[in-house]
Enquirer: 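First, the structure itself, so that you have it in front of you.
What's counted below: heavy atoms across the whole structure, side chains too, no hydrogens, waters or symmetry copies. Numbering of ligands and ligand atoms starts at 1, following listing order.
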Amino acid sequence: MFKDKCVVVGITGSIAAYKAIDLVSKLKKKGADVHCVLTESAQKFLTPLTLRTLSQNPVITELFAEPHKWNVEHIGLAEAADLVMVVPATANLIGKVRAGLADDFLTTTIMATKAPVLFAPAMNHQMYVNTLVQENIASLKERGYVFVGPGYGALACGTMGQGRLIELEIVLAKAAELLFPEKPLRDIKVLVTAGPTREPLDPVRFLSNRSSGRMGYAVAKQAYLLGAEVLLISGPTEIQPFPGVKRLMIETAQEMYRAVLAHWEDCQVIIKTAAVADYRPKTQSREKIKKQSGDLLLELSRNPDILAELGKKKKEQILVGFAAETEKMLAQAAEKARQKNLDFIVANDVTQEGAGFAGDTNIVSFVFPEGQVKSLGKMSKDDVAKHIFQEIIKKRQAKE
Ligand code: PMT
């Protein structure tokens with residue numbers, strides 16, 4: 001099943017290291033070319049000899065050992081790898097990778113590889129729930145590293161909790177997913193808009209909204225993982241796009257309008273997650289507006305409705321909007337889906353806990369112009385993005 005796939009198994013210093021022996025044996029049986037890398041602490045739990053015998057390859061334990069073949073070995077292996085797995089992964093190793101450290105063979109391989117990297121953490125429960133470890137894991141996930149487990153149960157330190165190395169069958173299933181990813185959006189161009197717009201009043205002030213860009217960046221990432229070529233047109237945000245996603249930064253609604261209009265025709269799927277300002281200040285002061293006695297009245301002009309414009313122009317494209325509502329969510333969203341000629345709209349009630357702006361989760365309903373509604377429970381924005389593409393892929397298949 002893994003025939004001809006080069007799999008690097010990194011093993012770190014955890015009591016669960018002994019389970020890596022079984023993992024290597026299972027990978028070999030599936031036909032993989034397995035290369036084991038042991039950290040210094042892993043060598044206190046396992047001997048290279050066992051792994052060498054099972055993998056039928058030299059086991060790497062040092063960064064500066066004599067290379068087995070003449071190339072810079074850690075780079076050679078990083079380049080050859082189809083998958084790098086770290087099983088078990090300790091809090092220490094995860095922290096080092098998050099910090100960008102590369103001071104041994106395993107961390108240099110992880111740093112230098114373009115292959116997917118899968119971590120199966122194993123550690124004491126209190127260590128696992130420590131906010132530092134959780135932040136490190138969240139940050140690595142955001143950058144595209146994949147985690148599986150840990151599981152819940154009795155731990156070697158005598159306590160119960162989440163921290164056990166997850167069952168190897170689950171690790172192997174995840175490895176198969178990463179080695180043979182489905183790419184149903186191969187050869188498809190996807191345009192995603194994300195984040196807020198900023199409408200300047202003067203050189204220091206602007207009108208904007210609470211969008212962080214998270215939802216749109218999750219949509220762009222998912223499109224890329226499904227094989228699409230992705231253009232993300234983004235308002236101001238601190239978030240970095242998923243590696244491989246092409247990004248165009250804009251600031252105002254009018255800039256977003258021009259950028260979208262310049263690119264939409266090349267794309268087969270357009271998803272407008274951005275929270276675009278409907279109005280902008282009628283005039284923009286060149287100088288900082290001075291404080292005066294009494295109130296200040298602002299006059300606002302309408303911004304173009306980018307999505308409505310695309311709805312009028314669209315040909316074969318699949319056009320998906322978002323609706324941020326604070327009342328009568330389904331009715332308002334259905335109205336927008338019809339008016340803007342959308343394939344469907346993703347409605348979220350932004351007053352609901354765990355939904356809408358800024359957080360990592362959302363609670364959405366897909367509302368179709370014909371009136372059907374599909375409501376999803378609370379889930380991560382990454383998972384919402386997965387559901388959106390399931391729907392889009394169904395629609396594309398129906399059109400073919
Ligand atoms: O970025 P996050 O912090 O993760 O938050 C996510 C989100 C709440 C911003 C997102 O889930 C969301 O709801 N996005 C749509 C926000 C919005 O502007 O909704 P709306 O109902 O005002 O607009 C409807 C649709 O028309 C949207 O697809 C919007 O991009 C589009 N629109 C709106 C106005 C305008 N002038 N041009 C547009 O294209």
Side-chain angles (χ1 to χ4, degrees), residues 142 191-199 207-222 232-241 250-261 263-264 269-280 300-314 317-367 369 376 378-385 387-388:
E142 227 168 71
L191 173 68
V192 181
T193 68
T197 61
R198 283 183 184 170
E199 311 298 326
L207 302 179
S208 191
N209 58 64
R210 296 177 191 281
S211 172
S212 63
R214 282 182 206 285
M215 189 64 249
Y217 278 57
V219 170
K221 168 182 165 184
Q222 193 53 33
L232 174 63
I233 298 180
S234 169
T237 171
E238 298 285 300
I239 304 175
Q240 289 306 308
I250 54 85
E251 190 150 326
T252 66
Q254 286 178 303
E255 285 169 14
M256 182 174 279
Y257 176 78
R258 287 193 286 274
V260 169
L261 272 264
H263 291 97
W264 76 278
V269 176
I270 301 157
I271 306 173
K272 284 219 74 253
T273 316
V276 186
D278 286 319
Y279 294 92
R280 65 179 180 278
L300 302 177
S301 300
R302 268 303 296 264
N303 271 328
D305 189 321
I306 309 166
L307 190 57
E309 185 76 21
L310 294 180
K312 281 186 212 143
K313 291 181 185 297
K314 83 166 180 179
Q317 283 88 355
I318 291 187
L319 188 56
V320 179
F322 266 70
E325 306 296 348
T326 55
E327 53 161 358
K328 300 183 193 138
M329 181 182 86
L330 295 178
Q332 310 255 38
E335 188 56 26
K336 285 179 188 170
R338 278 191 292 274
Q339 272 179 359
K340 301 191 186 198
N341 190 22
L342 307 180
D343 286 83
F344 65 97
I345 197 159
V346 183
N348 43 191
D349 177 345
V350 292
T351 62
Q352 233 182 320
E353 176 90 33
F357 295 114
D360 288 323
T361 60
N362 208 349
I363 307 166
V364 303
S365 294
F366 297 164
V367 181
L376 307 177
K378 180 169 151 184
M379 60 182 71
S380 70
K381 287 183 174 171
D382 277 333
D383 284 343
V384 171
H387 282 275
I388 291 173

Enquirer: So is G195 polar-close to ligand 1, meaning N/O to N/O under 3.5 Å?
Expert: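 No, G195 has no N/O under 3.5 Å of an N/O on ligand 1.
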Enquirer: Tell me the closest heavy-atom pair linking L319 and L307, and the distance in Å.
Expert: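 Closest pair (atom of L319, atom of L307, distance): CD1-CD1, 3.8 Å.
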Enquirer: Any atom of ligand 1 sitting under 4.0 Å from a heavy atom of K381?
Expert: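 K381 counts as a contact of ligand 1 under the 4.0 Å cut-off.
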Enquirer: What I want to know is whether N303 and ligand 1 share at least one N or O pair that is separated by under 3.5 angstrom.
Expert: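 So ligand 1 has no N or O lying under 3.5 Å from an N or O of N303.
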Enquirer: Is there a donor-acceptor contact under 3.5 Å from the side chain of N303 to the main chain of A277?
Expert: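 Yes, N303 side chain to A277 backbone: donor-acceptor pair under 3.5 Å.
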Enquirer: Just jot down the ligand 1 atoms closer than 4.0 angstrom to any heavy atom of T273, in number order.
Expert: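 Ligand 1 atoms under the 4.0 Å threshold to T273: 9 (C), 10 (C), 12 (C), 14 (N), 15 (C).
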Enquirer: For M215, does its backbone N or O pair with a side-chain atom of T273 as donor and acceptor, under 3.5 Å?
Expert: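 Not at all, since once roles are kept as given, no pair shorter than 3.5 Å links the two residues.
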Enquirer: Give me the residue, atom name and distance of the protein heavy atom closest to atom 1 (O) of ligand 1.
Expert: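 Checking every protein heavy atom, the shortest distance to atom 1 (O) of ligand 1 gives S211 OG, 2.6 Å.
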Enquirer: Tell me which protein heavy atom sits closest to atom 26 (O) of ligand 1, plus the residue, atom name and distance to 0.1 Å.
Expert: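 Ranking protein heavy atoms by distance from atom 26 (O) of ligand 1, first comes K340 NZ, 3.1 Å.
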Enquirer: Check contact between N362 and ligand 1, using heavy atoms of the residue and a distance below 4.0 angstrom.
Expert: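 Yes.
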Enquirer: Among protein heavy atoms, which sits nearest to atom 27 (C) of ligand 1, and what does the distance come to when rounded to 0.1 Å?
Expert: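 The closest heavy atom on the protein side is F322 O, 3.0 Å.
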Enquirer: Taking the side chain from R280 and the backbone from R302, do they hold a donor-acceptor pair closer than 3.5 Å?
Expert: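 Judged by distance alone, yes, a pair lies under 3.5 Å.
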Enquirer: Mind checking whether I306 has an N or O less than 3.5 Å away from an N or O of ligand 1?
Expert: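 Yes, at least one N or O pair falls under 3.5 Å.
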Enquirer: Of all the atoms in ligand 1, which lie at a distance below 4.0 Å from a heavy atom belonging to R214?
Expert: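 Reading through ligand 1 atom by atom, the close ones are 1 (O), 2 (P), 4 (O).
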Enquirer: Got an N/O contact under 3.5 Å between E325 and ligand 1?
Expert: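 In fact, backbone or side chain, E325 has no N or O that close.
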Enquirer: I'd like to check which ligand 1 atoms, numbered from 1 as shown, lie under 4.0 Å from a non-hydrogen atom of P304.
Expert: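 The list of qualifying atoms is 35 (C), 36 (N), 37 (N).
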Enquirer: What's the shortest heavy-atom distance between S211 and A275, and which atoms?
Expert: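 Scanning both residues completely, I find the closest heavy atoms to be CB-CB, 3.8 Å.
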Enquirer: Does the N or O separation between K272 and ligand 1 drop below 3.5 Å for any pair?
Expert: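 The answer is yes, given that K272 and ligand 1 share an N or O pair closer than 3.5 Å.
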Enquirer: For atom 34 (C) of ligand 1, find the nearest protein heavy atom and state the residue, atom name and distance (0.1 Å precision).
Expert: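 Atom 34 (C) of ligand 1 sits closest to the protein heavy atom D278 OD1, 3.2 Å.
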Enquirer: If every non-hydrogen atom of E199 is compared with every non-hydrogen atom of Y279, which pair is closest and at what distance?
Expert: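 Heavy atoms only, the tightest pair is CG-O, 3.6 Å.
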Enquirer: Among all the protein's non-hydrogen atoms, which is closest to atom 19 (O) of ligand 1, and how far away is it?
Expert: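 Of every protein heavy atom, A324 N, 3.3 Å lies nearest to atom 19 (O) of ligand 1.
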Enquirer: When you measure from atom 21 (O) of ligand 1 to every protein heavy atom, which one gives the shortest distance, and what is it?
Expert: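 Here the nearest protein heavy atom works out to K336 NZ, 2.5 Å.
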Enquirer: Between K328 and E335, does the salt bridge (charged side-chain N to carboxylate O under 4.0 Å, His left out) criterion hold? Intermediate values first, please.
Expert: CA-CA 11 Å; K328 300 183 193 138; E335 188 56 26; over 6 Å; no
Enquirer: Looking only at protein heavy atoms, which one is nearest to atom 29 (C) of ligand 1, and what is the separation?
Expert: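 Of the protein heavy atoms, A274 O, 3.4 Å lies nearest.
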Enquirer: Suppose I only count heavy atoms of G356 and a 4.0 Å limit; which atoms of ligand 1 are within that range?
Expert: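 Heavy-atom distances to G356 below 4.0 Å select 5 (O), 6 (C), 8 (C).
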Enquirer: Assess A358 for proximity to ligand 1: is some non-hydrogen atom of it under 4.0 Å away?
Expert: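 Yes, A358 has a heavy atom closer than 4.0 Å to ligand 1.
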Enquirer: Which residue and atom name correspond to the protein heavy atom nearest atom 6 (C) of ligand 1, and how close is it?
Expert: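 Atom 6 (C) of ligand 1 sits closest to the protein heavy atom M215 CB, 3.6 Å.
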Enquirer: Do any N or O atoms from the side chain of K221 and from the backbone of A385 form a donor-acceptor pair under 3.5 angstrom?
Expert: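 Answer holds: no.
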Enquirer: Should T252 and Y257 count as side-chain neighbours, where that means a heavy-atom distance under 4.5 Å?
Expert: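 SC-SC contact between T252 and Y257 ruled out.
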Enquirer: For the 3.5 Å polar cut-off, considering only N or O atoms, please tell me whether I345 and ligand 1 meet it.
Expert: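 N/O-N/O distance below 3.5 Å does not exist for this pair.
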Enquirer: Main chain of G359, side chain of K381: is a donor-acceptor contact present, judged purely on distance under 3.5 Å?
Expert: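 It does hold such a pair.
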Enquirer: Check each atom of ligand 1 against the heavy atoms of G213 and keep those under 4.0 Å away; list them by number with element.
Expert: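 Ligand 1 atoms under the 4.0 Å threshold to G213: 1 (O), 2 (P), 3 (O).
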Enquirer: Using every non-hydrogen atom in the two residues, find where I250 and A259 come nearest and quote the distance to one decimal.
Expert: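 So the minimum-distance heavy-atom pair works out to CG2-CB, 4.1 Å.
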Enquirer: Is the shortest heavy-atom distance from the side chain of N362 to the side chain of V346 under 4.5 Å?
Expert: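 A side-chain contact under 4.5 Å is absent here.
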Enquirer: Going by heavy atoms in the side chains, are D360 and R214 under 4.5 Å from each other?
Expert: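 SC-SC contact between D360 and R214 confirmed.
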Enquirer: Looking at side-chain heavy atoms only, is the closest gap between D349 and I363 below 4.5 Å?
Expert: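 No - every pair of side-chain heavy atoms lies 4.5 Å or more apart.
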Enquirer: Could you tell me which atoms of ligand 1, counted from 1 in the order shown, lie closer than 4.0 angstrom to a heavy atom of G321?
Expert: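 Going through ligand 1 atom by atom, the ones under 4.0 Å from G321 are 28 (O).
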Enquirer: Under 4.0 Å from ligand 1, counting heavy atoms only, is it the side chain of N348, its backbone, both or neither?
Expert: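 Side chain only.
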